[in-house]
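Since the structure is predicted, the reported quantities are computational estimates derived from the model, not experimental observations. As the structure lists them, so they are numbered: ligands from 1, and atoms in each ligand from 1.
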Amino acid sequence: MKIYADPITINCRKVIAGLDLMGAPYELVHVDYFKAEQKDPAYTAINPNASIPAMVDGDFVLWESNAILQYAADKVGHASAYPQDLKTRTDINRWMFWESASWFPSCYTFLVENCVKPLLGGAADAAVLDAQAPNFHKLAGILDARLANHQWVAGTAGPTIADIALASPMHLHGWQKLPLGDHPNLCRWMLEGVEKLPSWQKTWVGEGFTTKKA
Ligand SMILES: N[C@@H](CCC(=O)N[C@@H](CS)C(=O)NCC(=O)O)C(=O)O
């Protein structure tokens, strides 16, 4: 599998950390996000959305980070990261749809305002953050409630691709200034669960969108 990605972005880290979790072999083709290489015609021929990541496996081209993880899990037959059991698998699919449709856009607002804008010399818009806060707390509360009696989101013994998908939009939570204080189960899952995974640590991204620890 060729993975076209910039490991500093949410949806690219998701795919790379997920592939590492599963031990799935891949070749990384770096598409530099801050140089807007995702808009180059050579890349939009692969992903017409002009967004990263994308995957090419022989003559099969796939975009959408969650679809790439599901494909990779089945390709390598990783039974614990994406179990075959119908209800567990459907539950994982549900959380991945929810991540893409609801959780990512909410967390992304904090990333844009508190990370991207200041990095590019601008300032966070407090009105945008205030407007997003109720939605963020509603969504974080849903995930927090789920994690109250589940170590991993799908109730499995170990992490699944749903955990990686859900953690990725909050991967820079400190710098993003995500208001996590009222969501203790979510914090425990992220700090003591996801962030302890070797695959997560291997794909570390820090403040300033760096992949190099000082
Ligand atoms: N739903 C898509 C979203 C992909 C996406 O939005 N990627 C961002 C980086 S995380 C991007 O490339 N945005 C294009 C841009 O900002 O120009 C997925 O999960 O793959």
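Summary of contacts: the protein heavy atom closest to atom 16 (O) of ligand 1 is Tyr33 OH, 2.7 Å. Atom 3 (C) of ligand 1 has as its closest protein heavy atom Asn11 ND2, 3.6 Å. Remark: minimum distance from atom 1 (N) of ligand 1 to any protein heavy atom is reached at Glu64 OE1, 2.8 Å. In terms of protein heavy-atom proximity, atom 19 (O) of ligand 1 is nearest to Ser65 OG, 2.6 Å. With hydrogens left out, the protein atom closest to atom 4 (C) of ligand 1 is Ile52 O, 3.4 Å, a heavy atom.
Partners of Arg94 under the salt bridge (Lys or Arg N to Asp or Glu O under 4.0 Å) rule, at least two apart in sequence or in another chain, are Asp91.
Checking Glu195 against His171 by side-chain atom types alone, no donor-acceptor pair falls below 3.5 Å. When only modelled atom types and interatomic distance are considered, Tyr82 and Asn93 share a side-chain donor-acceptor pair under 3.5 Å. When only modelled atom types and interatomic distance are considered, Trp189 and Asp163 share a side-chain donor-acceptor pair under 3.5 Å.
Numbered from 1 in the order shown, with element, the atoms of ligand 1 that lie under 4.0 Å from a heavy atom of Pro53 read 20 (O).
In this pair, Tyr4 and Tyr43 present their aromatic rings tilted. The plane angle is within the 30 to 60° band.
At a heavy-atom distance under 4.0 Å, only side-chain atoms of Gln38, from C-beta outward, approach ligand 1. Here Ala50 has backbone heavy atoms under 4.0 Å from ligand 1, and that is the only part of it that gets that close.
No N or O atom of Ser51 sits closer than 3.5 Å to an N or O atom of ligand 1. By the 3.5 Å distance cut-off applied to N or O atoms, Asn66 is not counted among the residues near ligand 1.
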